[in-house]
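Fair warning: this is a prediction, and the values are worked out from it, not measured in the lab. Here is the naming used below: chain letters follow the sequence lines, and residue numbers restart at 1 for every chain.
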Amino acid sequence: MSEYKFGEIEKNWQQYWRDNHIYKVEDDTSKPKFYVLDMFPYPSGAGLHVGHPLGYIASDIYARYKRLNGFNVLHPMGYDSFGLPAEQYAIQTGQHPAITTEQNINRYREQMDMLGFSFDWSREVKTSEPNFYKWTQWIFIKLYHSWYNTENNRSESIETLVEKFKKGIIPIPPSGFPYSSNASWDSLSENVQQEILMQYRNAYLSESYVNWCPALGTVLANDEVKDGVSERGGHPVERKLMMQWSMRITSYADRLLQGLDKIDWPEPLKETQRNWIGKSSGSSVGFRLTPPSPAERGTESSPSEKKYNKVPDGVATADKRIWEKLKEFSRENRKNQTEGEKRLWEELRNSNLGFKFRRQHAIQKFIADFVCLSKGLVVEVDGEIHNDQKEYDEYRTQFLREYNFEVIRFTNDEVLSNTLEVKKAISAKLSSLPNRIVGSTSEEENLSPLERGRGEVVREAIEVFTTRPDTIFGVTFVTLAPENSLVDKITTPEYKTQVEEYITYAKSRSERERQADVKKITGQFTGAYVEHPFTGEDIPVWIGDYVLAGYGTGAVMGVPAHDSRDYAFAKHFGLPRKQVVKPTTDWDFEKESYDEKVGTSINSDFLNGLEVKEAIIKAIEKIEEENIGKGKTNFRLRDAIFGRQRYWGEPIPIYYKDGIPYTMDEKDLPKQLPEVDKYLPTEDGEPPLARANDWSYNGFPLETTTMPGWAGSSWYMFRYMDPHNTGEFASKKALDYWKDVDVYIGGSEHGTGHLLYVRFWTKFLYDMGFLPVDEPAKKLINQGMIQGRSSFIYELKITQTNLPDINTHVFLSDDVVNNYLNSKLSFEELKNGILLSYNDSYGEIINPDNSLLIQLTEDSIAFDKKRVAIEFVDNDILNYKNWNKSIYISDFDEAIYRFVKNEEGEIVTSSEVEKMSKSKWNVVTPDDIVAQYGADTLRLYEMFLGPLEQSKPWNTQGIEGVHRFLRKLWSLYYNRDGNNIVTNDEPNAAELKVLHKTIKKATEDIENFSFNTSVSAFMICVNELLELDCHKKNVLEQLLVIVSPYAPHICEELWSKINPGTSIIKAEWPKFNPEYLVENTFHYPISVNGKLRLTLELALDLELADVEKAVMQHEVVQKWIEGKQPKKIVFVKGKIVNVVV
RNA sequence: GCGGAUGUGGCGUAAUUGGUAGCCGUGCCAGACUUAGGAUCUGGUGCCGAAAGGCGUGGGGGUUCGAGUCCCUUCAUCCGCACCA
């Protein structure tokens, strides 16, 4: 063979590799493993475009490199084959999505094969195949039967939770509202038990606000919604309250955050994830509601308005009327404590259990032995139990319950003999109860402990979350989200109507509107007031839709002087402002709020003089001390909605018995998708699965929603390790050997979706003992996007008063339009050009006729920007000769096209860089490039384009150069006459230097994923070898090995010529030998005063003194120092000499 | 608004991490060969200047013998999040 016939060569070798299963990987534990993974594609109907292979080429190069270095490399590929487009297509055509998906996959496969990737196709996975999604369903079942135990910070089987319940220990569920019942677990009905467990399950069913997309007929996850519209299709999305399956990813928020520190992922991506998780620490603060007077409440006036009397009017714990008497009792009791009481007080006092207890405390007409007001728990120690005592105790318990106190009793003996158990029981009870806000009025502050026993005021409070507790003294109002359940409770009668109106208005605003005009300030006063926890001032309570119901407590404290949103709100409604932080610079508080976290606290009582950072700490301290609130961490991350009202996804393996969900038996998996007549919701609005004939399990109805697109992709990398296993998702042996992905390559657009979910599931599977690792990928590379270049052309439009505009089908060269718009071209000239275009038109003239154009006036013309398909544009020049009018201009209708050309006779198009997409007509497929230049050229070129991580618009300028390089490489082996000219001569020093310089560079670059620079190194190497006229096997052979990951076909071909019968795939990466690069001399740059004046070749072993002599003698240096004495001579060996005068 | 990134010839980019700015490739200019071609080869090509030389890494300032690289400041572009308290 004489010429570089890439087409033939590539086809032959692809065939050879396939036939010999050369890329098949065994679990060969004798070799070190290396796992190189690409994010698997969704097989869309458009096929691969030139952007897809960018990452695949990079990973292929890396995989090949690792193989040549003796690693056992796992490099698989598969398809994320469930998804919306296939289903949308199915709805339109009635064709089963599996069929279109299969077709698309075949097309993808064909295209990938064409590029010579070294994937082990025997391990291919498809998420839509039952033998794959069987395990996705299996994982779902595991998630359902597990809960996150915050004690040891990991997921556990739900059984461990039930055991706790049986022991009476009730962990606080993620929702924050624990069940509290004195009944034993076993005595609860199945229904209640399941309901309780649902509060804890990692996969759970709950009613919550979701992103509902009516056009797609399904809910979407937060990361599938961008700017209030669906990511796929761009349909509007609204908030809707629905019963939904969700994944409790929020339980993992902190670990997902921590985990980022130990993985080698790009910093911007980690930052995006941190942002998305959105951890912020601060404090909750309770603002007690000020009891309105009966007159204000309206209770006196009319019973019908009594429903607004829900504000507890300050439950003084002691009945004031009998206080004096109670005080006596209390005093007596304190003196005559029983042993048990004494012992228990030792345990409870000083907040030993984490909560403040009081003893001998009056609650209405009783004295409780011990009470924790912030939890509403009374602990009683009884003496001997006789019957009347029992009855009396029962009565007390009942009574206290009415006042919202839990009662727990122990006998004297119990306390003494088993203090530890008693303590544990109290602890468990405490942690199961919600917090209450307890406060005291300032007058009570000065009372003696005994006198305080009179009771403290327990009132309902609005709890807010703030990251700036240091600005607590700057609070001038409190705002609730319109959805906040307190709104209804607190609104006073006179504001009832307005508040209701406002809520209706807020609901009517779609998510998109709400996001679109963030600047629009709306809100409504409720009539209610709360009390400032430190100053006791009355603070008005507002509602406003700038407060989000789903974050924190759905309520904020308004500090208009130090929060820009509060500032805007206050300004709009004329609310006062209080400065409490002194800025470090001049600040005009009239103009804006001072939000910075630097400065000194002022007007803030105990915080005065503290720096913001200290003040925050101090404020939290005080808030906790006073039982006003608690230091707290909030996450922005929401639980991920897991159900989709769609057909083309994994069925959720759940059935319902009496309305209670149960998981299917694992042995019955996979639960395959049923056949349906249509891929649309039923008439009753049920998801498509409800159309199936018998969608049931053992006679019970099955769940009809399916899993979201990200389900399969959240664990697929582990399936590749053991893809044909039918008993497990992967064997322990395979998992232990392959462990995790060493290098994962894919786009950064998955930063908050896939890459977060896959980390979540990995951690979960790790917790449950199914995986040996808790992060899926050690290293991640984000390849940049290859953007498309969209072309546009202007169409002349005639605007008419009172009539619709006329599109003329006259298209103008972009520069002509610009010249006209910039007045470089007169209207007459333009008109002339338009009329002339009729002589050069395509087809006959239909409409508008020339007469209409003759009447054109300056006021009646406009230009319409239209898309042109990329295949008809070469370097921004419209190739109108190939123009296919039926497809290639948007808004086509039957017509004849005319073109107004510029002076060069060209039609110039304008262009924009956009995402490559079928709908934008800017897709370039690899097929044409491969046909024209070959896969090796495309591979090299895509790498040569620039750094892998960088996004860049696709252009083919420069592809010639890369192709030329391959031909030059070829010419090292074959001369023009097609004769093999490789010799067996020993290479000389110069040749070895060139080779080893390149080996060094190629090795370093590949390790750094700097593929563009190594391509350039190859070019230099080939250029230099050609110059040296080097055709020696000992040099060329090694060169081939280092080029082979990039251009495997040509290298395999040339290799086979010099090493017949062997494959370069099995070769060894050459070892860099630094000896060949050793130099004796160096061309020193010599500068005078930092300015380069000459270079001087000097021996490398020269020291400063010799160098100085040589340099100073030099006439050029003499000239520049102008006879002055050098102040200093800087000499860096092997680098530079600088003479300073 | 917050967060992240990037600014270097006509263009894509490179620079061993503070040490000769512009490698490699395109494009352009000139030449050679020629079957007159969008092939191949050779030379040139940051800008200004006839040259000597001067100026040059978005702008301004600083540190240093020396700055594309470090620090401060400012501008522009792109990406992500976006009323997250």
Which of B:G80, B:A85, B:C65 is nearest the side chain of A:K1128? It is B:C65
Open item on the list: For a quick test of reading the model: is some side-chain N or O of A:Y546 closer than 4.0 Å to OP1 or OP2 of B:A85?
Closed with: no
All heavy atoms of A:N1089 vs all of A:N1138, minimum pair found to be N-OD1, 3.6 Å
In B/S/- notation (B base, S sugar-phosphate only, - none; protein heavy atoms under 4.0 Å), nucleotides 25-45 of chain B written 5' to 3' is SS-------------S-----
Taken to the nearest whole Å, CD/A:Q273 to C1'/B:G80 is 12 Å
B:U45 glycosidic conformation (syn if within 90° of 0, otherwise anti) is anti
Walking RNA chain B from its 5' end, the first of A:L945 and A:L269 to be reached, judged by nearest nucleotide, is A:L269
Between B:C29 and B:C79, how far is it from one C1' atom to the other, in whole Å?
40 Å
Atom NZ of A:K1133 and atom P of B:G18 are separated, to the nearest Å, by 22 Å
Sorted by chain and number, sequence neighbours left out, side chain to side chain contact (heavy atoms under 4.5 Å, CB included) with A:E1004 holds for A:K1000
Note: for A:F635 and A:W276 on RNA chain B, the residue whose nearest nucleotide lies more 5' is A:W276
Of the listed B:A14, B:C83, B:A52, the closest approach to the A:D545 side chain comes from B:C83
- Task: Give me the ring orientation class for A:F965 and A:F1018: parallel if the planes are under 30° apart, tilted from 30 to 60°, perpendicular past 60°.
- Result: parallel
| request: Respond yes when some side-chain nitrogen or oxygen of A:S280 is under 4.0 Å from OP1 or OP2 of B:A85, and no when none is. | output: yes
Pairing partner of B:G46, by Watson-Crick or G-U wobble and under 3.5 Å for both distances, is B:C55
Check: Mind checking the P distance from B:G66 to B:C55? Whole angstroms is fine.
Finding: 15 Å
Next on the checklist: Please report the distance separating the C1' of B:G25 from the corresponding atom of B:G19, rounded so that it comes out in whole Å.
Outcome noted: 27 Å
**Asked** When the ring planes of A:F573 and A:W542 are compared, do they come out parallel, tilted or perpendicular, using 30° and 60° as the limits?
**Response** tilted
When rounded to whole Å, the CD1 to P distance for the pair A:I786 and B:G12 reads 15 Å
Re B:A14: Watson-Crick or G-U wobble partner, both distances kept under 3.5 Å, found to be none
Open item on the list: Taking 4.0 Å as the cut-off, does a side-chain nitrogen or oxygen of A:K1001 come that near to OP1 or OP2 on B:C24?
Closed with: no
Quiz item: Is the distance between the ring centroids of A:H562 and A:Y567 under 6.0 Å?
Solution: no
Taken to the nearest whole Å, CZ/A:R638 to C1'/B:A82 is 13 Å
A:E1079 meets the salt bridge (Lys or Arg N to Asp or Glu O under 4.0 Å) criterion, sequence neighbours left out, with A:K993
Please tabulate, for side-chain N and O atoms in residues 939-949 of chain A, each donor-acceptor pair with protein atoms closer than 3.5 Å (sequence neighbours left out).
unit_1: A:R939; atom_1: NE; unit_2: A:Y1046; atom_2: O; d: 2.8
unit_1: A:R939; atom_1: NH1; unit_2: A:D60; atom_2: OD2; d: 3.1
unit_1: A:R939; atom_1: NH1; unit_2: A:L115; atom_2: O; d: 3.0
unit_1: A:R939; atom_1: NH1; unit_2: A:G116; atom_2: O; d: 3.2
unit_1: A:R939; atom_1: NH2; unit_2: A:D60; atom_2: OD2; d: 2.7
unit_1: A:R939; atom_1: NH2; unit_2: A:P1045; atom_2: O; d: 2.8
unit_1: A:Y941; atom_1: OH; unit_2: A:N955; atom_2: O; d: 2.7
unit_1: A:Y941; atom_1: OH; unit_2: A:Q957; atom_2: O; d: 2.8
unit_1: A:E942; atom_1: OE1; unit_2: A:L54; atom_2: N; d: 3.3

Is there, by distance only and without an angle test, a donor paired with an acceptor across the side chain of A:N275 and the base of B:C81 below 3.5 Å? no
Rounded to whole Å, the CE-C1' distance (A:M943 to B:G12) equals 14 Å
Rounded to whole Å, CZ of A:F1072 lies from C1' of B:U16 at a distance of 12 Å
Considering only heavy side-chain atoms of A:S1016, the closest of B:C24, B:U20, B:G66 is B:C24
Sorted by chain and residue number, the side chain to side chain contact (heavy atoms under 4.5 Å, CB included) partners of A:S280 (sequence neighbours excluded) come out as A:F465, A:T467, A:Y551, A:N634
- prompt: Quick one: are the ring centres of A:W587 and A:Y594 less than 6.0 Å apart?
  reply: yes
When rounded to whole Å, the NZ to P distance for the pair A:K520 and B:A82 reads 21 Å
Between A:D254 and A:K279, is there a side-chain N and carboxylate O pair less than 4.0 Å apart?
yes
Q: Could you check whether the rings of A:H750 and A:H754 sit parallel, tilted or perpendicular, using 30° and 60° as the cut-offs?
A: perpendicular
Expected list for residues 1083-1095 of chain A near RNA chain B, using heavy atoms below 4.0 Å, is A:H1083, A:P1085, A:K1091, A:R1093, A:T1095
To the nearest angstrom, the CG-P distance between A:L1098 and B:U20 comes to 16 Å
